[in-house]
Trainee: 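Input: one structure, supplied below.
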Amino acid sequence: MSATSPSRRELEFSDPAQIVVLYGPQNQNLTGIEHGVGVQIHARGAKLTIEGPEHGVELAASLLTQLAELLQSGYPLYPADIAYGIRVLEKQPRAVLKDIFLDQVFITGNKRVISPKSLNQKAYIEAMRNHDIVFGTGPAGTGKTYLAVAMAVAAYSKHQVRSIILTRPAVEAGEKLGFLPGDLAEKINPYLRPLHDALNDMLGREKAAALIEEESIEIAPLAFMRGRTLNNAFVILDEAQNTTREQMQMFLTRLGFNSKAVITGDLTQIDLPGKGQSGLRHATRILKDIPGIAFSRFSEADVVRHHLVQAIIRAYESESKRGQA
């Protein structure tokens, strides 16, 4: 039977409470699977009938079965997990969602579980656990910075490090902002806002502010790292595509004892004046064979933002390739 031949599968679930969450409000999760996979799902109580092309039916059946297993394990199924699950199983049909979604990185103050949502995110988290220096590259929205901050907060909460240091180069993103009023902290704050947002989302504004006030968490421009030795710290360099070679070398040589460094960036979004060569691009080339340094690369398939972001990234990548042809 070909992948386009009509097929049919029946599933039955036993736990009424589980069914409510699995199907979603007004069966929204089932509707999402129908649209995402290209099948029809008919629900009658605990029984589901899935109809459509063989490949789609098998994918939908695997997804629903694995989501039910996640619920049995106590996983709090989120609406976006439907799209994430489809994406994972489309790429690797034999993937086990429990191995990915149950890998809890951190639980936020409002009890939201932060866990990987793709195979590459899972590999990225493992790289951060097992290596002292990790490079995470890829398009916006793939969780590079957010997961790194989550890992940093988790390490601090477990007393594995004494401080968290978040830094990024103060480079304008393709537009001249002109004179910024205020003192130094107020001038640089717009560049560091995304890091504040990630911390606030995980810790809550009050706790994040308290940790920053006591200097357990430091958020500063990359220039402030010069001359320092960073011991017992989880250090994140964000927007690293906008570092020069000299800045990247300076940052990497700050790492002290019992510290980790995660460097994140998108090589398609370089904003350096005069289109100078990115320190991130240079570092990923010359450091690739050094033991103890890991490289994680993301694609549009790992995007965890609005579903249209994937399509937008693909359109820009396609246009860029046509321009190079």
Side-chain angles (χ1 to χ4, degrees), residues 120 124 133-149 152 165-199 218-226 235-254 261-288 295-300 302-306 308-324:
N120 282 338
Y124 181 49
I133 297 179
V134 177
F135 287 83
T137 58
T142 50
K144 304 182 302 294
T145 302
Y146 193 81
L147 287 174
V149 173
I165 300 174
L166 311 176
T167 185
R168 63 187 334 206
V171 175
E172 295 170 350
E175 51 188 319
K176 298 298 182 183
L177 302 180
F179 173 76
L180 293 173
D183 59 22
L184 181 60
E186 291 170 329
K187 290 178 189 293
I188 63 176
N189 188 61
Y191 297 104
L192 305 173
R193 187 74 256 169
L195 299 174
H196 282 279
D197 290 343
L199 283 173
E218 177 183 354
I219 306 178
L222 179 59
F224 285 23
M225 299 297 108
R226 190 173 299 277
V235 192
I236 300 171
L237 170 56
D238 189 33
E239 296 290 331
Q241 75 274 5
N242 288 327
T243 61
T244 64
R245 289 187 182 187
E246 293 77 15
Q247 286 175 320
M248 179 61 76
Q249 181 180 0
M250 178 274 291
F251 172 79
L252 291 172
T253 53
R254 299 307 93 201
V262 180
I263 301 95
T264 67
D266 179 359
L267 289 169
T268 69
Q269 300 290 329
I270 299 173
D271 301 307
L272 289 170
K275 302 298 181 183
Q277 185 171 9
S278 166
L280 176 60
R281 176 174 285 133
H282 179 250
T284 56
R285 186 176 75 250
I286 69 169
L287 304 179
K288 65 180 185 299
F295 295 86
S296 294
R297 294 176 175 84
F298 298 90
S299 69
E300 87 281 347
D302 302 297
V303 170
V304 290
R305 291 181 179 172
H306 192 287
L308 287 176
V309 174
Q310 276 188 303
I312 292 168
I313 291 171
R314 283 195 296 268
Y316 274 96
E317 287 181 344
S318 177
E319 176 69 18
S320 178
K321 290 177 181 177
R322 285 197 297 269
Q324 295 172 0

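We count residues from 1, following the sequence as given.
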Trainee: Check whether any side-chain N or O of Thr137 sits under 3.5 Å from a backbone N or O of Arg297 as a donor-acceptor pair, and report yes or no.
Mentor: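 No, the answer is negative, given that no donor and acceptor are paired below the 3.5 Å cut-off.
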Trainee: In sequence, state the C-alpha distance, the side-chain angles, and the governing distance for Tyr316 and Thr268, and then conclude on side chain to side chain contact (heavy atoms under 4.5 Å, CB included).
Mentor: CA-CA 10 Å; Tyr316 274 96; Thr268 69; over 6 Å; no
Trainee: Can a donor-acceptor pair be found between the side chains of Glu239 and Gln241 at a distance below 3.5 Å?
Mentor: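 Glu239 vs Gln241: donor-acceptor pair found between side chains.
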Trainee: Rounded to the nearest 0.5 Å, what separates atom CG in Leu280 from atom CD1 in Ile270?
Mentor: 7.5 Å
Trainee: Determine the minimum heavy-atom distance between Ala140 and Asp266, stating which atoms define it.
Mentor: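 Looks like N-OD2, 3.7 Å.
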Trainee: Answer yes or no: is there a donor N or O on one side and an acceptor on the other, between the side chain of Asp302 and the main chain of Thr142, under 3.5 Å?
Mentor: no
Trainee: Distance check, rounded to the nearest 0.5 Å: Phe224 atom CZ versus Ile165 atom CD1?
Mentor: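 One gets 13.0 Å once the value is rounded to the nearest 0.5 Å.
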Trainee: Can you see which heavy atom on Ser278 is nearest to which on Leu267, and at what distance?
Mentor: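 Scanning both residues completely, I find the closest heavy atoms to be OG-CD2, 4.0 Å.
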Trainee: For the residue pair Ile263 and Ile133, what are the closest heavy atoms and their distance?
Mentor: CD1-CG2, 3.8 Å
Trainee: If you draw a 6.0 Å radius around CZ in Arg285, do more than 12 non-hydrogen atoms from other residues or ligands fall strictly inside?
Mentor: yes
Trainee: What are the two closest non-hydrogen atoms of Val134 and Ser296, and how far apart are they?
Mentor: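 Smallest heavy-atom distance, with atoms named: CG1-OG, 4.5 Å.
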Trainee: How close do Asp238 and Pro169 get, heavy atom to heavy atom, and via which atoms?
Mentor: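 Scanning both residues, the minimum pair turns out to be O-CD, 3.3 Å.
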Trainee: How are the rings of Phe295 and Phe135 set to each other: parallel, tilted or perpendicular (split at 30° and 60°)?
Mentor: parallel
Trainee: Might you point out which heavy atoms bring Gly136 and Phe298 nearest each other, and give the distance in Å?
Mentor: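 Heavy atoms only, the tightest pair is CA-CE1, 4.5 Å.
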Trainee: Using 0.5 Å steps for rounding, measure from the CG atom of Leu237 to the CE atom of Met248.
Mentor: 5.5 Å
Trainee: Can you tell me how far the OG1 atom of Thr145 sits from the CG atom of Leu195, to the nearest 0.5 Å?
Mentor: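 Going from the OG1 atom of Thr145 to the CG atom of Leu195 covers 7.0 Å.
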Trainee: Rounded to the nearest 0.5 Å, what's the gap from NZ on Lys144 to CG on Asn120? Could you check?
Mentor: 12.0 Å
Trainee: Can you tell me how far the CZ atom of Arg245 sits from the CD atom of Gln277, to the nearest 0.5 Å?
Mentor: 4.0 Å
Trainee: Going through the distances and angles, do Met250 and Thr243 end up as a side chain to side chain contact (heavy atoms under 4.5 Å, CB included)?
Mentor: CA-CA 10 Å; Met250 178 274 291; Thr243 61; over 6 Å; no
